[in-house]
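Both backbone and side-chain heavy atoms feed into the values below; hydrogens, waters and symmetry mates do not. Note that the coordinates shown come from a computational prediction; the quantities given were computed from them, not determined experimentally. Heads up: numbering here begins at 1 and tracks the sequence.
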Amino acid sequence: NKRHLRNLLSADLVPSFDSRILVVGAYEAGKTTLVENLIGNEIPRDRQSTDGIDVYFGKLLFDLMTQTLMQNPEGVHSFPKAIYQKVSSYLKSKKEEITVQESDVFSVKTQSDIPDDEVIQQLSESINKYSDSNDLRHREVIPIPVLDFAGQIVYHVTHQTFITSHGIYLITFNGSRNLDDPLSIGKGERIITILDNIRQWVSSILMYSHPDCKDYPKVMFVATHKDLVCQNEIPKRRSQLLDRLSACFTDEKTKSHLMLEKLVFVNARNNNEPEMEELKDSLSKTITENPHWEQQVPKQFLILEMLLARLVEEGTYIISHEDVEKLNTQMGVKPLSEAELDLFLRVQNNCGKMTYIEYPDLRNFIVINPTCLINVLKSIVTSIPATANLNEGRLTETDLIKIWSGEKYAHFLQHGEYFRHLLVHFDILSEIKRYDKESGKKISGDCYLVPCMIMNRNETTFVERHLISSRCVGFVFEFKALDVPDAIPSRLIACVISIWNIRRHEHVELLFPDFVAVVLDRKHDLVVKTERNTVAVYIVHKERKELIIKDLASSVRQCLEQNLARISEVYSVSFTSKVTSKKYVPFELKLKHGCLSQGCLLDAGDIGGIKTEWICENHGYKTPKSDLDIWYTDRTVLECTDSCQGILDAALSMLPNDAQLLRLCNCLTKEEVRSLAVNLGISNPEFDAIDADSTSMLKFYSLRICREKNKSCKDFVKAMEAAEINGHTMCQVLIQYVDHAVMISD
């Protein structure tokens with residue numbers, strides 16, 4: 001093996017065979033049984049619920065000679081073993097290439113081109129340690145990892161962690177039932193149909209994987225429970241299911257990833273199910289057609305992959321970026337450049353072999369054992385102790401420490417801060433940020449929202465009594481995907497409750513799965529809720545919608561739109577790209593009709609074409625143009641006329657509330673806010689030290705700090721004059737509140 005390994009690593013480029021199969025679908029769809037049949041394990045007779053994600057290394061192999069998948073039920077379940085087994089197959093394929101010209105190859109190589117004897121010896125020992133059994137000794141096989149995803153809704157937010165473009169997805173569903181049948185649900189879970197679940201999976205896969213080529217990743221559909229359908233009804237049933245799926249997905253870009261030519265329909269409990277062979281044949285063909293399969297990579301990639309596998313074998317699960325840089329210089333060959341090393345890490349992350357995130361709080365460490373990340377997720381989703389706060393979907397750093405202090409997860413504490421940031425990055429935890437009112441800096445001991453743990457159902461009358469046409473106006477963020485991934489509205493909700501307090505109604509906090517209501521001020525509430533492929537936003541007035549402050553609505557819209565754009569940022573790297581590209585989950589803003597029906601929407605850009613009212617075609621409801629314009633109040637409207645006499649002394653003596661500050665921020669640029677804050681007593685270093693995720697939040701938090709220093713509206717007006725900002729802007733921020741108070745009292 002040493003000679004063959006030296007020969008393999010004498011070339012500048014080596015082949016890379018990487019793929020994986022991810023089995024997803026609803027709860028009780030038969031995913032685990034399908035996986036056990038696929039890899040050749042004993043099929044369980046009783047139903048077993050998957051805890052998070054199960055991954056199988058070395059149980060399913062791809063034979064390079066026959067180009068087919070083969071089962072290896074006796075194989076060692078080991079990530080390092082899978083790496084060494086792959087390299088062993090490379091060596092077997094290289095044996096035939098070793099000819100009399102071998103000496104000529106080495107004669108033109110410098111010492112830095114070939115690993116030294118010590119490195120070759122280390123790697124050879126590892127490969128020999130996991131040498132194949134006699135049955136596989138002379139076969140060139142590549143292990144194909146198989147991931148079995150839990151189907152309960154509580155786990156959905158964790159799945160995006162493992163979705164990449166390097167894989168084949170099997171969306172599994174119960175083929176004996178109608179696609180419009182409701183799924184089995186747990187406590188607090190919303191009722192959805194089988195087809196809804198399939199649509200959600202397609203959306204999540206294509207959204208989170210960020211396909212870097214037109215047709216990949218590939219998505220296959222597998223119907224199970226064929227044994228529950230009469231034999232003579234199977235062809236008809238298969239045709240009905242396939243027709244319904246084909247009709248559901250009409251977008252050409254989406255269809256290019258879906259394999260809808262034929263539907264595999266199996267009884268996964270049957271070890272001799274003939275369509276399981278058809279499934280394996282289809283998987284084999286799809287693996288080899290992927291342009292990433294057998295792609296040439298620098299040999300340093302392979303050497304580093306083996307050295308990292310040795311560390312995993314020794315029990316290491318996470319290392320620092322500095323340690324990887326040192327390892328890069330110890331390969332015995334020319335080290336990768338900084339850019340090449342980062343590309344290696346990104347490629348390994350994209351293939352699911354490690355976790356490397358290029359964010360400031362995360363890039364200093366790399367999780368090199370893929371099962372480690374699964375256990376981190378399980379520690380949150382399935383091992384949370386039963387406390388009142390956690391049952392309401394809240395978690396503190398103290399709670400995390402308590403969870404990770406148990407024997408099973410104690411090793412996470414050493415890198416607790418990193419894993420905490422990682423859970424936030426993957427939306428398992430959504431940070432509820434609280435800020436010191438004096439400095440604007442984040443308060444330590446932050447609270448987190450754990451979206452998947454919010455179980456309470458909304459059994460209050462708030463929606464029926466307040467989300468009605470006479471009291472509210474609304475708009476939606478409509479995503480181009482079929483369904484909104486759970487993580488995105490969860491982050492937006494966390495952002496909302498970081499700014500405003502949660503509304504209580506009938507002695508209940510209005511925070512539920514995909515729904516939150518918060519208090520803007522004493523007369524206005526804000527509601528954010530998920531409606532299929534949209535996030536709907538409503539402003540509710542306690543009396544009637546005609547009294548909603550116009551530029552308050554505009555300020556809220558701008559604030560949420562900017563934050564959602566930031567939240568929906570996702571990062572991906574193609575297998576061959578040199579840089580990481582920033583992308584956004586695409587969404588559009590559409591306005592709600594006064595009837596408030598989910599499908600009655602108007603593109604925001606079409607407001608100009610409406611003269612006086614918008615008539616709903618479906619319900620005949622007439623929405624005044626003023627209800628639409630309210631979301632886009634022009635800044636020029638906030639300028640006073642020459643006859644303005646200023647603000648009443650009673651109003652000037654008040655402290656501005658949060659809603660007024662938000663409206664003021666909407667009128668000013670960042671630099672105008674800086675100048676205003678400085679004239680209100682904040683220094684430039686203090687302004688720059690404010691911890692905010694977006695410009696709108698930076699402006700808002702800085703002015704709120706001023707307000708907490710007991711700066712009145714009169715102080716704000718004086719500071720605006722000193723900063724050479726039109727002081728009459730403050731008139732318009734306050735005047736509507738004065739006018740409305742008069743109208744209400746009348």
Side-chain angles (χ1 to χ4, degrees), residues 157 188 387-397 399-400 420 423-424 427-437 440-458 460 462-463 466-467 472 474 477 484 486-522 524-530 535-540 552 555-568 657-659 661-662 665 690-694 696-698 700-701 704 708:
V157 75
T387 70
N389 284 341
L390 293 172
N391 288 335
E392 295 172 0
R394 289 179 176 85
L395 187 73
T396 66
E397 289 184 33
D399 295 323
L400 271 176
R420 180 167 51 83
L423 290 168
V424 170
D427 300 316
I428 311 305
L429 305 179
S430 292
E431 207 169 2
I432 303 174
K433 297 182 179 179
R434 299 297 182 189
Y435 296 85
D436 182 87
K437 294 180 178 181
K441 295 182 178 179
K442 280 200 303 181
I443 299 172
S444 59
D446 284 332
C447 182
Y448 299 93
L449 189 68
V450 190
C452 58
M453 299 304 296
I454 301 175
M455 299 298 185
N456 297 332
R457 301 287 289 274
N458 188 357
T460 72
F462 179 83
V463 172
H466 297 278
L467 282 190
C472 71
F477 296 114
V484 185
D486 295 335
I488 291 178
S490 297
R491 270 202 174 187
L492 187 61
I493 287 173
C495 172
V496 166
I497 62 180
S498 295
I499 306 171
W500 297 288
N501 293 323
I502 299 174
R503 173 87 145 83
R504 294 185 68 86
H505 183 74
E506 297 170 357
H507 308 292
V508 176
E509 276 196 338
L510 298 180
L511 175 61
F512 309 103
D514 304 324
F515 180 100
V516 69
V518 296
V519 179
L520 291 178
D521 60 26
R522 64 190 181 91
H524 298 83
D525 292 330
L526 172 68
V527 175
V528 178
K529 64 192 294 277
T530 302
V535 174
V537 178
Y538 302 89
I539 288 185
V540 184
L552 171 62
S555 300
V556 167
R557 188 270 310 162
Q558 184 183 65
C559 172
L560 295 184
E561 189 171 11
Q562 290 180 1
N563 277 280
L564 185 60
R566 175 186 55 79
I567 289 167
S568 64
N657 61 36
D658 283 353
L661 291 179
L662 187 62
C665 292
I690 295 173
D691 190 350
D693 293 320
S694 65
S696 61
M697 289 297 94
L698 172 62
F700 175 72
Y701 290 137
R704 189 160 69 175
E708 297 304 328

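Between Arg503 and Asp525 there is a salt bridge, since at least one side-chain N of the basic residue sits less than 4.0 Å from a carboxylate O of the acidic one.
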Worksheet entry | side chain to side chain contact (heavy atoms under 4.5 Å, CB included) between Val508 and Asn458, intermediate numbers included | CA-CA 9 Å; Val508 176; Asn458 188 357; over 6 Å; no
Worksheet item: Would Leu492 and Val528 satisfy side chain to side chain contact (heavy atoms under 4.5 Å, CB included), going step by step from the backbone distance to the final call?
Response: CA-CA 8 Å; Leu492 187 61; Val528 178; 4.1 Å; yes
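We find the OG1-NE2 distance between Thr460 and His466 to be 8.5 Å, quoted to the nearest 0.5 Å. Of the inter-residue distances, the one linking Leu564 atom CG with Cys559 atom SG reads 11.0 Å to the nearest 0.5 angstrom. The CG atom of Leu662 sits 8.5 Å away from the CD atom of Gln558 when rounded to the nearest 0.5 Å.
Looking only at side-chain heavy atoms (C-beta outward), Val519 and Trp500 stay at 4.5 Å or farther from each other. In this structure, the side chains of Phe512 and Lys529 stay at 4.5 Å or more apart for every pair of heavy atoms.
Nearest approach of Ile539 to His524, heavy atoms of both residues: CG2-CD2, 4.1 Å. In terms of heavy atoms, Val516 sits closest to Ile497 at CG2-CG2, 3.7 Å. The heavy-atom pair separating Ile493 from Asp514 by the smallest distance is CD1-C, 4.0 Å.
Contacts of Cys472 classified as side-chain contact (heavy atoms from CB on, under 4.5 Å), with partners at least two apart in sequence or in another chain: Leu467, Tyr538, Val540, Leu596.
In this structure, His505 and Phe462 have perpendicular ring planes: the angle between them is above 60°, well past the 30° mark.
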